[in-house]
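Only one structure is covered here, and it is reproduced in the block below.
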Amino acid sequence: MSELTNGLHGNGNGNGNGNGNGNYTAENIQVLEGLEAVRKRPAMYIGDISERGLHHLVYEVIDNSIDEALAGYCSEIEVRIHPDNSITVVDNGRGIPTDFHEKEQKSALEVVMTVLHAGGKFDKGSYKVSGGLHGVGVSCVNALSSYLKAEVYRDGKVFMQEYAFGKPKADVLEIGTTQSTGTKIHFIPDNSIFTVTHFSIDILSSRLRELAYLNKGIRLTIFDERETDEQGHSVNETFFSENGLKDFINYLDANREKLIPDPIYMEGEKNNIPVEISMQYNTSFSENIHSYVNNINTHEGGTHLAGFRRGLTRTLKSYAEKSGMLAKLKFEINGDDFREGLTAIISVKVQEPQFEGQTKTKLGNSEVMGAVDQQVSEMLFNYLEENPREARTIVNKVILAATARHAARKARELVQRKGALNGSGLPGKLADCSERDPARCEIYLVEGDSAGGTAKQGRDRKFQAILPLRGKILNVEKAMQHKIFDSEEIKNIFQALGVSIGTEEDSKALNLEKLRYHKIIIMTDADVDGSHIATLILTFFFRYMKELIENGYVYIATPPLYLIKKGQEERYCWSDEERVLLVKELAPNGNESSVHIQRYKGLGEMNAEQLWSTTMNPEFRTLRQVTIENGTEADRIFSMLMGDEVPPRREFIEKNAKYANIDV
Ligand code: 0RA
C-alpha cells in the first residue's frame, strides 16, 4: 500500500480548461466552494432533509455514473442497500480522476469528493448533462455522510480514500491493482441531518427503472441486502431498456387499451439539442405527457413541452384538414382535443438548462421550443403519411374528443351558473366552518352520510368543515369529461372547495386563489371499501386538481383500527402490532380476559366524541399528507387501479394491502 504522491499523474497542457482532445485532466475541475455550506444548509442543496432528500443522495451518485454512460464510457451501474441502511453505488465508467490537481495541491479524487461543484459540471468541454434536481455533485453526498469511502479503478490501479462528514480521514491511497475501470462509492448518511434514515426499495427501484428507460442500453441493478431469499441471496432487480422511451410508453400504458399497435417514436438532434420522443393514443380520456430534461422530470413543463404541443397540434391539424375528415364538424378543434387519451414522453438533453417555477422543474431555455417543435412535426408528418390507417384512427379520436369537450362545456357552464345563482354557491350538504382564512380552514370529505353526521357533531366548527360524499364517487379514469361534471358528488367537491377549472387550452390550471381550505382531508373507513373510495377521490384530485396535491393541501385521515378497554381505561390502536403490545401492557400477568378489544369496521362505529379525539383533533390525530414522489409512476398506478383490467389491480392491492403503500 503506498500513499499517492504529488504529481503521480501529471496533467496535459495546464491551460486550466481541458487539453483540447476531450480527455479529462485535473485542470478541468474548477473549484468553487467549501462543503461547510452544505452541512449548514442541507436543504438548499438537496431540496429537503426528509425521505426525499435522503434518496437524493443516491440519485446524486448515480447521476455521475449516468454521465459516464452518456459520455460512452459506462454500461453498468449497481446500487446496494446494506443491512445497516448504508448505500454502495458501483459503476464501470472511467473512474474518478486521481491525478494531481495543481491549483488545489491534492489528488483530483479528493477535490471531486471534498469541493462543492467540482467534477467538471462547469466545464463545457466535458459533455455532462445528467444531474439530480440540484446537480450539486457527489461532494454534497460526502458532506452529508457520517462515513464515505471512494474506490477508484483506473490506470490498472485501485485507489481509495475515506471521509467522515466530508473530511478526508487520510490521503488517497493506492491499495492494489486491477484490470477494470470504474468507481465505487459507499456511504452512510449522517443521521443527525436526515429526519428519515430508512431507504425505500420502492422509491429507489422506480428511479432506476425510470433512468433505464430514459437512457437505453444502460444496465441498472439494485440489491436489497436487508432482505434475502431462501438461499440467502439478497433481493435484486435489474432494469434495462433496449428501446428507450418506446418501452417506457408500453410500461406506462400497460393497463390502458391502445389505439395504434406500436408507440410512435423518434430520436434525433436539432441545434445541438438531443431530443427523444415517444407517444401512443389510448381509449382513456386523460392526457399523460411526461417531460424530462437531463433525466429530471420537469413536472412544471416548460419550453420543451410547449414545443411538443405546438408541433403536435399543427401537424395533426393540418393532416386532419387535408384528409377531409373534419368537413362535417360544426365547431373548432382545439389543442386539448389532440391530447385526449395521449400518453407521451419527451426527453431532451440541454447543456445549460435554466430551471424556473415554484419547484424549479420548468425548463426556461427558449431555444429548446423550436428544436422540439421541429422534431415532433417531422416525426408525426412522416408517421401519418406512412401509416394512413393509424392516422385515421387518431383523427377519429380527436374528433370524438372535440365532440365530448363541447358537451362537457355545456355541462360545466350549467354547474357554474347554478353555483352563482343560489347565493353562497355552496352545496347544501356542506357543513361549513366559521373561520374565513383558507390557511386556517380544513374540510373533511367523509364517506357516507352517517359518518358525515357523526363528523358534523364531533368537529370543531370554527375551522373544520364537513362534506359527506355518497358511497363511491364516479371513477374519473373511465368517464368522459362531461360525465364528470354531471356527477353530483364531484360538483359538490368543486363548489365546496371554491375552485373552478377551465377545460380550454391554457386555462386548464386550477384557480387556487379562491380555494377555501388549505387542508383537504379524505376520511374513509379503514377497510378495503374505504380505501377504494379514498383511491377514487385521489384519482379525481390527481387528474383534475393535481395542483392541490402538488401544493401539499391533500391529506388522508387515519381512524383507529381498535378500541381496547380495561375497566375504566379506554385506549386506541392504529395497527395490529400496536394492539398486541397494548394488550400485553394492560394484562401484564398474561390474563387477557379482562381486556376487551373492539375492532372498528367503519367510522360509523365511533361516536362523535371518539371520532373527534382519535381522528379529527389536531392535537392527537395523524394526517398522512399525499405527495407525488414520482409522477410517471403515479400515473401508471392510477390507470391500473382505476382502469378496466382487473388482474393487475388485484395483484397490486394484494401486495399493498394497506393504502399507505400507494406511492403517491
Ligand atoms: C470527474 C471527472 C470525470 C469523471 C468523474 C468525475 C466521475 C465521477 C463519478 C462518481 C461516480 N462515478 C463516477 N465516475 C466518474 C471525467 C473522467 C475522465 O475524463 O477520465
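Excluded from the calculations below are hydrogen atoms, water molecules and symmetry mates; all remaining heavy atoms, backbone and side chain alike, are included. For reference, positions follow the sequence shown, starting with 1. Here the structure is a predicted model, which means the values were calculated and not measured.
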Establish, from distance only, whether the side-chain atoms of [X] and [Y] form a donor-acceptor pair under 3.5 Å.
X      : Y      : answer
His290 : Asp635 : yes
Ser291 : Thr298 : yes
Asn282 : Thr343 : yes
Arg543 : Asn288 : yes
Ser200 : Glu51  : no
Ser206 : Glu633 : no

Salt bridge present between [X] and [Y] (N-O < 4.0 angstrom):
X      : Y      : result
Glu577 : Arg579 : no
Arg470 : Asp449 : no
Arg207 : Glu210 : yes
Arg314 : Asp373 : yes
Arg339 : Glu287 : yes

- Query: Counting distance only, does the side-chain N/O of Glu605 pair as donor-acceptor with the main-chain N or O of Lys601 below 3.5 Å?
  - Reply: yes

- Task: Could you check Leu252 against Ile345 for side-chain contact (heavy atoms from CB on, under 4.5 Å), going step by step and ending with a plain yes or no?
- Result: CA-CA 10 Å; Leu252 290 177; Ile345 303 169; 3.8 Å; yes

- Message: Ignoring hydrogens, what is the shortest heavy-atom contact between Leu623 and Ala557? Give both atom names and the distance.
- Response: CD2-CA, 4.0 Å

- Do the numbers put Arg599 on top of the ring of Tyr562, so that NZ or CZ is under 6.0 Å from the six-membered ring centre and no more than 45° off the axis?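 Yes, cation above the ring, under 6.0 Å and within 45°.
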
- Message: Would Arg405 and Asp337 count as a salt bridge (charged side-chain N to carboxylate O under 4.0 Å, His left out) here? Give the steps.
- Response: CA-CA 8 Å; Arg405 175 177 53 84; Asp337 303 329; 2.9 Å; yes

- Query: Between Tyr251 and Arg636, does a side-chain contact (heavy atoms from CB on, under 4.5 Å) hold up when you go through it step by step?
  - Reply: CA-CA 8 Å; Tyr251 171 76; Arg636 195 186 70 89; 2.9 Å; yes

- Task: Supply the atom-to-atom distance Ser347 OG to Ile296 CD1, rounded to the nearest 0.5 angstrom.
- Result: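 Between atom OG of Ser347 and atom CD1 of Ile296 there are 10.5 Å.
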
- Message: Rounded to the nearest 0.5 Å, what separates atom CD1 in Ile203 from atom CZ in Arg52?
- Response: 8.5 Å

- Please assess Phe494 against Phe540 for the test ring-ring contact (aromatic ring centres under 6.0 Å, His included), listing each intermediate value before the final yes or no. CA-CA 11 Å; Phe494 266 107; Phe540 164 64; 5.8 Å; yes

- Item | Ring geometry between His56 and Tyr59 (parallel below 30°, tilted from 30 to 60°, perpendicular above 60°) | perpendicular

- Which of these passes salt bridge (charged side-chain N to carboxylate O under 4.0 Å, His left out) with Glu435: Lys462, Lys519, Arg461, Arg516?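 With Glu435 as partner, salt bridge (charged side-chain N to carboxylate O under 4.0 Å, His left out) holds for just one option, Lys462.
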
